[in-house]
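Numbering of ligands and ligand atoms starts at 1, following listing order.
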Amino acid sequence: MRLVIRIGGSVLGSPPKPQLVESYCSTILSLVAKGNKIGLVVGGGKLAREFIHIAKKLNLSREKQDTIAIEISRVNAKLFSMKLGIDLVPRNINSMISNLETKGIGVMGGLKPGITTDTVAAILSSKWKADLLIKCSDQSGIYSADPKVHSNAKKLDMITYEELTKLVGEEHRPGIHTIVDPIAVRYLKRQRLKMVVVDGYDPTNLIKVVEGKKIGTTVY
Ligand code: UTP
């Protein structure tokens, strides 16, 4: 199976928790050993948002605020690439795909201003023709409203891209923090790619999804 896995920077911690990175890497390598090809996309998390804040205070443009955050996600990606034994972080989708074709595994961070790594994962999924996108989130799935704000929000087992569009809105801004970035939702909706959003604090959830267990939220 061609899998794109997107790990939220907010899940990894700031700085990333070594045990979690280690556990993700061993889970990913075990999936590769079973014949899966894996494209990993890693976010920048709290540190990226702190740099956005600093860039804003310095009156730097939105594009520059995004650019500095992208570099942070690439540092996180570099950590994964070293632990996974690939030691390379492509800066564009084409070189990511050539890595995937030759090695069956690749890891990257951000791509360009104006998006988030959700959209990087969506673009990669589309160009590489992935079978499935798994988003490892700081929530256990998609809720009817933000559960951090609304205590009565309900977790949804399944949701359509149309319904998700209504939940997340349509616009990007630096440091945006919705369950899935609105631009990625638009992209994935066009591709009709299946995405599963799972609790990212437990890397073994990746195995459960690949084995077809019903966890998190499936978006279709
Ligand atoms: P990330 O995609 O790195 O966020 O985008 P994250 O920390 O993993 O998010 P969670 O865990 O899902 O919440 C952080 C910010 O970096 C810029 C954007 O400003 C984005 O909001 N960014 C990131 C880009 O502009 N382009 C990219 O390709 C990636």
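- When all heavy atoms of Val197 and Ser137 are compared, the pair lying nearest together is CG1-CB, 3.9 Å.
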### Arg6 vs Asp181, salt bridge (charged side-chain N to carboxylate O under 4.0 Å, His left out): CA-CA, chis, key distance, verdict
CA-CA 12 Å; Arg6 143 78 168 120; Asp181 155 24; over 6 Å; no
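- Residue-level proximity to ligand 1 for Val120 is carried by the side chain, the only part with a heavy atom below 4.0 angstrom.
- Taking every non-hydrogen atom of Ile115 and a distance limit under 4.0 Å, the qualifying atoms of ligand 1 come out as 17 (C), 18 (C), 20 (C), 22 (N), 23 (C), 24 (C), 25 (O), 26 (N), 27 (C), 28 (O).
- Short contacts between ligand 1 and Ser10, defined as distances under 4.0 Å to a heavy atom of the residue, involve ligand atoms 7 (O), 10 (P), 11 (O), 13 (O).
- The distance criterion of under 3.5 Å between nitrogen or oxygen atoms is met by Gly9 with respect to ligand 1.
- For the side chain to side chain donor-acceptor pair (under 3.5 Å) test, residues two or more places apart in sequence or in another chain that qualify with Tyr143 are Ser140.
- Contact annotation: for Thr119 versus ligand 1, there are no heavy atoms closer than 4.0 Å.
- Taking each of Glu63, Gln139, Glu71, Lys112 in turn, the one with a heavy atom nearest to atom 27 (C) of ligand 1 proves to be Lys112.
- Using a cutoff of 4.0 Å between basic side-chain nitrogens and carboxylate oxygens, Asp131 and Lys194 are not scored as salt-bridged.
- The ligand atoms of ligand 1 that sit less than 4.0 angstrom from a heavy atom of Gly45 are 6 (P), 7 (O).
- Heavy atoms of Asp138 come nearer than 4.0 angstrom to ligand 1 in no pair at all.
- The shortest heavy-atom distance from Gln65 to ligand 1 is not under 4.0 Å.
- Short contacts between ligand 1 and Pro113, defined as distances under 4.0 Å to a heavy atom of the residue, involve ligand atoms 25 (O).
- Using a 4.0 Å cut-off between charged nitrogen and carboxylate oxygen, Asp66 and Lys64 do not count as a salt-bridge pair.
- The Arg6 neighbourhood of ligand 1 comprises atoms 2 (O), 6 (P), 8 (O), 9 (O), 10 (P), 12 (O), with distances under 4.0 Å to a heavy atom of that residue.
- The nearest pair of heavy atoms linking Gly109 to Ala77 is N-CB, 3.7 Å.
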### Query
Does the pair Ser73 and Asn76 meet the rule for a side-chain hydrogen bond (donor to acceptor under 3.5 Å, both in side chains), with working shown?
CA-CA 5 Å; Ser73 64; Asn76 284 348; over 6 Å; no
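- For Lys213, the side chain to side chain donor-acceptor pair (under 3.5 Å) criterion is met by Glu211, not counting sequence neighbours.
- Ligand-side atoms of ligand 1 in range of Gly114: 25 (O), range being under 4.0 angstrom from any heavy atom.
- By the criterion of a heavy-atom distance under 4.0 Å, both the backbone and the side chain of Thr117 are placed next to ligand 1.
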### Query
When you look at Asp118 and Lys135, which way does the salt bridge (charged side-chain N to carboxylate O under 4.0 Å, His left out) test go after all the steps?
CA-CA 8 Å; Asp118 277 346; Lys135 168 155 183 172; 3.1 Å; yes
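- Counting the atoms of ligand 1 from 1 in the order shown, those under 4.0 Å from a heavy atom of Gly110 are 27 (C), 28 (O), 29 (C).
- For the pair Arg190 and Tyr187, the cation-pi criterion (under 6.0 Å, within 45° of the ring axis) is fulfilled.
- Note on ligand 1: Lys46 sits outside its first shell, no heavy atom being nearer than 4.0 Å.
- Close approach of ligand 1 to Lys135 (heavy-atom distance below 4.0 Å) involves ligand atoms 12 (O).
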